[in-house]
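Numbering of ligands and ligand atoms starts at 1, following listing order. For the single chain, residues carry numbers from 1 onward in sequence order.
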Amino acid sequence: MTIESIAQKVQQGERLDESDALALFLEPDLLAVGALANTVRERMHGDRTYFNRNMRIEVTNVCVASCLFCSFAKLEEGAPGAHTMKVEEAWRELEMRMDDPPSEVHIVNGLHPGLPFSYYEELLRGFKRIKPDVHMKCFTAVEIHFFAQHYKMTYAEVLTRLREAGLDSLPGGGAEIFHEDVRKRISHDKANADEYLEVHRVAHRLGLRTNATMLYGHIETFEHRVDHLMRLRKLQDETGGMQAFIPLAFHPDGNGMKNLPAPTAVDDLRTVAVSRLVLDNVPHIKAYWVSMTPKIAQLGLRFGADDIDGTIVHETIYHAAGSRSPQGLSYNELVRLIREAGRIPVERDTLYNVVREHPKSALPENAVKVRDRKAERHLLPVLP
Ligand code: V47
């Protein structure tokens, strides 16, 4: 497979196969791969680039699984650093932000063996009491699988009960690398690939949207990445329920693979680009600024990504693993990153309904450079 023959397929809107995908990972000309992905991205979204006002909460880091890449989990309650919030503490995180409220609360947790199922139902209900229109994007497929086993329910029962309590969609975490040769080494004691995909299948059948991820840049090969993308594309052909794909760059600090280097910028950008080209049926590709850094994520907007995630406010999982990205970005910082990439910033809700579309470049850049929150508030009304 040559880049020219792949380019021809892309121009004709033809689907890429495994050997094309592998060739893209091996192609030395990164910019050629990026340009192809950019063509597809602009065909799908033009210059529009999505972001949202969201916040991350991890209510517990107690986890019975022992994933090799995780720097966040503690095996049991009472271990140094283990923490489980009371539901009131978690609600407080949103209450404190009600002067500038997020439209989405994104919750990912450890697999806690000692909490009753009612804890999660109460958690969701409380958030909706505080802000009835907040979108609750909570619990990875791995957590849903754990709930089903632990509380002896089917996936459909777990999802239905959580939806009745306020769950709106599932985040994409927990996918890691699907291939058994890798999965058995990095996360052997949680949902396997088929189980992860089946949870998403059931969620889609129930009308819930989901995201999907891939944790790359550790012990996996490019063949494993291709296999991962192909399994997701197959599921999406079947259900169409996936909204966004998020490649997650491995962070080595403080975990069982700390001797490995983190992926390079070239690998980050290439992985975004190949994801865009292979996942032709997934509407959105996210350059997640926490995992790639805001600077590489910004470049990702020219390599196939059309989304940069959101304000986040306070991220824990990547910061435990050595991320030097900020904990959160302000609304105006996101607008600026997108604008300076020559794109149109579009504030969205979790389901990609447009909240506010900003003009491509309306303010002198030094006006949006101001980081001070008070100063930003002063500037906000100026934005058309
Ligand atoms: O499932 C954990 C990953 C995920 C490390 O759905 C690590 O919109 C790198 O899934 N290095 C949680 N990655 C985050 C996640 C996510 C993020 C942003 C948006 C969305 C979405 C989902 O983080 C975990 C795991 O795959 N992770 N440790 C690490 N050391």
Side-chain angles (χ1 to χ4, degrees), residues 50-52 54-58 61 63 65-73 104-111 135-146 168-178 182-183 186-187 190-191 196 199-200 203 208-220 228 232 241-263 267-268 271 282-293 297 305 307-313 315-325 328-329 348-352:
Y50 299 93
F51 70 102
N52 72 347
N54 61 353
M55 66 185 293
R56 283 289 296 273
I57 307 178
E58 288 87 23
N61 61 358
C63 189
S66 43
C67 299
L68 213 54
F69 54 82
C70 188
S71 320
F72 161 78
E104 167 190 294
V105 175
H106 175 178
I107 299 180
V108 177
N109 302 312
L111 309 177
H135 184 108
M136 299 302 296
K137 184 177 83 178
C138 309
F139 317 123
T140 65
V142 167
E143 290 170 77
I144 301 297
H145 171 78
F146 174 76
D168 293 301
S169 68
L170 298 188
E176 325 314 358
I177 287 286
F178 288 144
V182 177
R183 205 168 183 88
I186 65 166
S187 50
K190 68 181 190 188
Y196 177 97
V199 169
H200 283 257
L208 290 166
R209 297 283 167 171
T210 69
N211 290 341
T213 58
M214 173 174 75
L215 176 65
Y216 66 91
H218 42 92
I219 59 166
E220 89 289 2
H228 191 96
L232 288 174
M242 232 179 286
Q243 302 203 103
F245 174 72
I246 308 118
L248 297 171
F250 169 61
H251 281 53
D253 282 10
N255 58 53
M257 294 193 282
K258 58 179 173 290
N259 54 331
L260 296 178
D267 199 8
D268 290 341
T271 307
V282 175
H284 303 283
I285 304 291
K286 251 189 218 183
Y288 180 43
W289 65 260
V290 176
S291 93
M292 291 185 183
T293 73
D307 191 311
I308 196 163
D309 207 84
T311 46
I312 298 180
V313 183
E315 200 280 339
T316 315
I317 296 177
Y318 281 82
H319 288 85
S323 169
R324 275 173 275 284
S325 296
L329 284 179
R348 59 165 175 86
D349 66 12
T350 311
L351 301 177
Y352 288 85

Exercise for review: Starting from atom 22 (C) of ligand 1, find the nearest protein heavy-atom neighbour and note its residue, name and distance.
Suggested key: H106 CE1, 3.5 Å

Practice item. Mind checking whether A249 contacts ligand 1 via backbone (N, CA, C, O), side chain (CB onward), both or neither, at a 4.0 Å heavy-atom cut-off? Key: backbone

**Study point:** Heavy-atom pair with the smallest gap, counting every atom of N211 and H200
**Key:** O-CE1, 3.0 Å

**Study point:** H284/Y352 aromatic ring centres below 6.0 Å
**Key:** yes

Review point. Quick check: does G173 get an N/O under 3.5 Å from an N/O on ligand 1?
Key: yes

Point to revise | Protein heavy-atom partner closest to atom 25 (C) of ligand 1 - residue, atom, separation in Å | key: E176 OE1, 3.5 Å

Revision key, fill the gap. Quick note on ligand 1: atoms under 4.0 Å from a heavy atom of P171 include exactly 6 (O)

Practice item. Please identify which atoms of ligand 1 are closer than 4.0 Å to at least one heavy atom of A321. Key: 30 (N)

Exercise for review: Identify, with sequence neighbours excluded, every residue that meets salt bridge (Lys or Arg N to Asp or Glu O under 4.0 Å) alongside E143.
Suggested key: none

Point to revise | Shortest non-hydrogen contact from S169 toward H135 | key: OG-NE2, 2.8 Å

Check your understanding: Is L215 in contact with ligand 1, taking contact as a heavy-atom separation below 4.0 Å?
Key -> yes

Study note, to complete from the structure: min-distance protein heavy atom vs atom 4 (C) of ligand 1 -> L248 CD1, 3.8 Å

Practice item. Any chance you could measure M136, atom CE, to H106, atom NE2, to the nearest 0.5 Å? Key: 10.5 Å

Review point. With a 4.0 Å cut-off on heavy atoms, is T140 touching ligand 1?
Key: no

Exercise for review: May I ask you to check whether Y196 and F178 place their ring centres under 6.0 Å from each other?
Suggested key: yes

Study note, to complete from the structure: Between H319 and S323 the two heavy atoms that sit nearest each other are CD2-O, 3.4 Å

Revision key, fill the gap. re atom 1 (O) of ligand 1, the protein heavy-atom contact at minimum distance is G174 N, 2.8 Å

Review point. At their closest point, which heavy atom of Q243 faces which heavy atom of L351, and how far apart are they?
Key: OE1-CA, 3.4 Å

Point to revise | Heteroatom distance test (Y288, ligand 1): nitrogen or oxygen, under 3.5 angstrom | key: no

Practice item. Specify the closest pair of heavy atoms between L68 and N255, including all atoms of both residues, with the distance to one decimal. Key: O-CB, 3.5 Å

**Study point:** Close-contact set for ligand 1 against I246 heavy atoms, below 4.0 Å
**Key:** 6 (O), 8 (O), 20 (C), 21 (C)

Point to revise | Within-shell test, A212 vs ligand 1, heavy atom, strictly < 4.0 Å | key: no

Check your understanding: Nearest protein heavy-atom contact for atom 6 (O) of ligand 1: which residue, which atom, what distance?
Key -> G172 N, 2.8 Å

**Study point:** L232/V282 under side chain to side chain contact (heavy atoms under 4.5 Å, CB included): CA gap, chis, key distance, verdict
**Key:** CA-CA 9 Å; L232 288 174; V282 175; 6.0 Å; no

Review point. If you measure from atom 19 (C) of ligand 1 to every heavy atom of D309, I317, N54, which option wins on shortest distance?
Key: D309

Check your understanding: Y318 vs H251 aromatic rings, parallel, tilted or perpendicular, using cut-offs 30° and 60°?
Key -> perpendicular

**Study point:** Per-atom contacts of ligand 1 with N211, taking only distances under 4.0 Å to non-hydrogen atoms
**Key:** 6 (O), 8 (O), 21 (C)

Practice item. Anything under 30° is parallel, anything over 60° is perpendicular, the rest tilted; go ahead and classify F245 against H228. Key: tilted

Practice item. Could you pull out the closest heavy-atom pair between A249 and S291, with the gap in Å? Key: N-OG, 3.4 Å

**Study point:** Within-cut-off N or O pair, K137 and ligand 1, under 3.5 Å
**Key:** yes

Revision key, fill the gap. shortest atom 28 (N) of ligand 1-to-protein heavy-atom contact is with F69 CD1, 3.5 Å

Review point. Between H251 and ligand 1, is there a nitrogen or oxygen pair with a distance under 3.5 Å?
Key: yes

Practice item. Check ligand 1 against N255 and write out every atom of the ligand that is under 4.0 Å from a heavy-atom position of the residue. Key: 30 (N)

Revision key, fill the gap. heavy-atom search around atom 7 (C) of ligand 1 in the protein gives Y318 OH, 3.5 Å

